[in-house]
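Numbering starts at 1 and runs along the sequence shown.
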Amino acid sequence: MLDQIHLLAAVTLLGVLEQAYFFLQVIYARRLFGISPPKISGPPEFERIFRAQVNSSEYFPIFLALLWQAGLFFHQGLAAALGLLYLYARYCYFVGYKASSSERLGPMYFSARILWILIAVSALGILHSLLSHYVGLNILQLLTA
């Protein structure tokens with residue numbers, strides 16, 4: 001069983017470490033700009049870092065659910081590769097947003113595309129599993145025949 005999920009677990013751990021890095025960047029920015037919690041407003045430089053972290057955190061549960069569904073129901077390797085691309089795109093998003101709000105757009109759109117691909121792969125895998133289990137129809141055999 002573990003050999004079927006080790007790549008997914010590794011990408012999940014990398015994602016958690018990335019989130020921790022984003023959290024630390026907000027802490028450093030708070031210290032740099034003298035903004036104590038619970039305040040969330042300050043100079044634009046701080047607000048961009050704060051928003052980049054919050055936005056990334058909001059999408060993280062969606063990413064995790066799709067990563068695991070795609071990996072378990074479709075293909076672990078493909079899901080893990082897409083997961084790594086997503087994490088890289090979110091890192092670029094964070095760095096871009098930190099520099100300028102307009103520099104976040106390219107990585108934001110790229111990461112959204114990856115999520116849509118994960119949705120499609122998850123849906124196909126789940127559909128195949130349901131049809132195979134309840135109807136006895138193996139889509140993959142039909143496609144390769």
Side-chain angles (χ1 to χ4, degrees), residues 1-33 35 37-40 44-145:
M1 171 68 178
L2 290 180
D3 61 328
Q4 296 173 3
I5 61 170
H6 64 280
L7 295 176
L8 301 175
V11 172
T12 299
L13 179 60
L14 285 174
V16 169
L17 291 173
E18 182 178 69
Q19 290 297 308
Y21 171 76
F22 295 161
F23 292 140
L24 288 173
Q25 292 302 302
V26 172
I27 291 170
Y28 297 146
R30 284 187 180 281
R31 290 180 184 157
L32 179 66
F33 297 109
I35 300 170
K39 288 177 60 179
I40 57 171
E45 296 84 2
F46 169 76
E47 290 183 6
R48 287 195 308 267
I49 293 169
F50 181 78
R51 288 303 318 156
Q53 180 268 317
V54 170
N55 292 349
S56 295
S57 295
E58 290 171 346
Y59 278 89
F60 194 61
I62 297 167
F63 162 69
L64 286 180
L66 293 172
L67 172 73
W68 280 87
Q69 287 177 13
L72 293 174
F73 287 98
F74 194 82
H75 190 275
Q76 177 187 205
L78 177 63
L82 289 169
L84 289 174
L85 275 175
Y86 177 82
L87 294 178
Y88 176 71
R90 288 316 285 192
Y91 176 78
C92 292
Y93 168 83
F94 187 89
V95 170
Y97 207 166
K98 187 176 178 180
S100 163
S101 61
S102 63
E103 288 187 40
R104 79 191 196 287
L105 296 175
M108 181 182 72
Y109 294 137
F110 184 63
S111 65
R113 284 186 199 104
I114 295 169
L115 287 179
W116 280 109
I117 293 169
L118 283 170
I119 288 170
V121 169
S122 296
L124 285 173
I126 292 168
L127 178 64
H128 169 70
S129 180
L130 289 170
L131 290 175
S132 175
H133 185 266
Y134 291 107
V135 182
L137 181 64
N138 189 333
I139 297 173
L140 297 177
Q141 284 181 342
L142 292 174
L143 292 175
T144 58

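- By the 6.0 Å and 45° rule, R51 does not stack over the aromatic ring of Y97.
- Ring geometry, F22 versus F94: the interplanar angle falls under 30°, so the pair is classed parallel (tilted spans 30 to 60°).
- Note that CZ of R90 is 7.0 Å distant from OH of Y59, once rounded to the nearest 0.5 Å.
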Test side chain to side chain contact (heavy atoms under 4.5 Å, CB included) applied to Y28 and I49, step by step: CA-CA 10 Å; Y28 297 146; I49 293 169; over 6 Å; no
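- Inspection of the S56 and Q19 side chains reveals no N or O donor paired with an N or O acceptor under 3.5 Å.
- Here the closest non-hydrogen pair linking L84 and L14 is CD2-CD1, 3.7 Å.
- With hydrogens and angles ignored, the 3.5 Å screen pairs a side-chain donor or acceptor of R48 with a backbone N or O of K98.
- In this structure, the side chains of F63 and I114 stay at 4.5 Å or more apart for every pair of heavy atoms.
- Using a 3.5 Å distance cut-off with no hydrogens or angles, the side chains of W68 and T12 do pair a donor with an acceptor.
- Closest approach of Q53 and V26 over heavy atoms only: CB-CG2, 3.5 Å.
- At least one test fails for R113 against the ring of F110: distance under 6.0 Å to the centre or angle within 45° of the axis.
- Within 6.0 Å of CZ on F23 lie more than 12 heavy atoms contributed by other residues, nucleotides or ligands.
- The minimum heavy-atom distance between S122 and A70, with the atom names listed, is OG-N, 3.2 Å.
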Side chain to side chain contact (heavy atoms under 4.5 Å, CB included) evaluation trace for H6 with V11: CA-CA 9 Å; H6 64 280; V11 172; over 6 Å; no
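- No more than 12 heavy atoms of other residues, nucleotides or ligands shown are found within 6.0 angstrom of CD1 on I40.
- V16 and F60 get closest at one heavy-atom pair: N-CZ, 3.7 Å.
- In terms of heavy atoms, Q76 sits closest to L8 at OE1-N, 3.5 Å.
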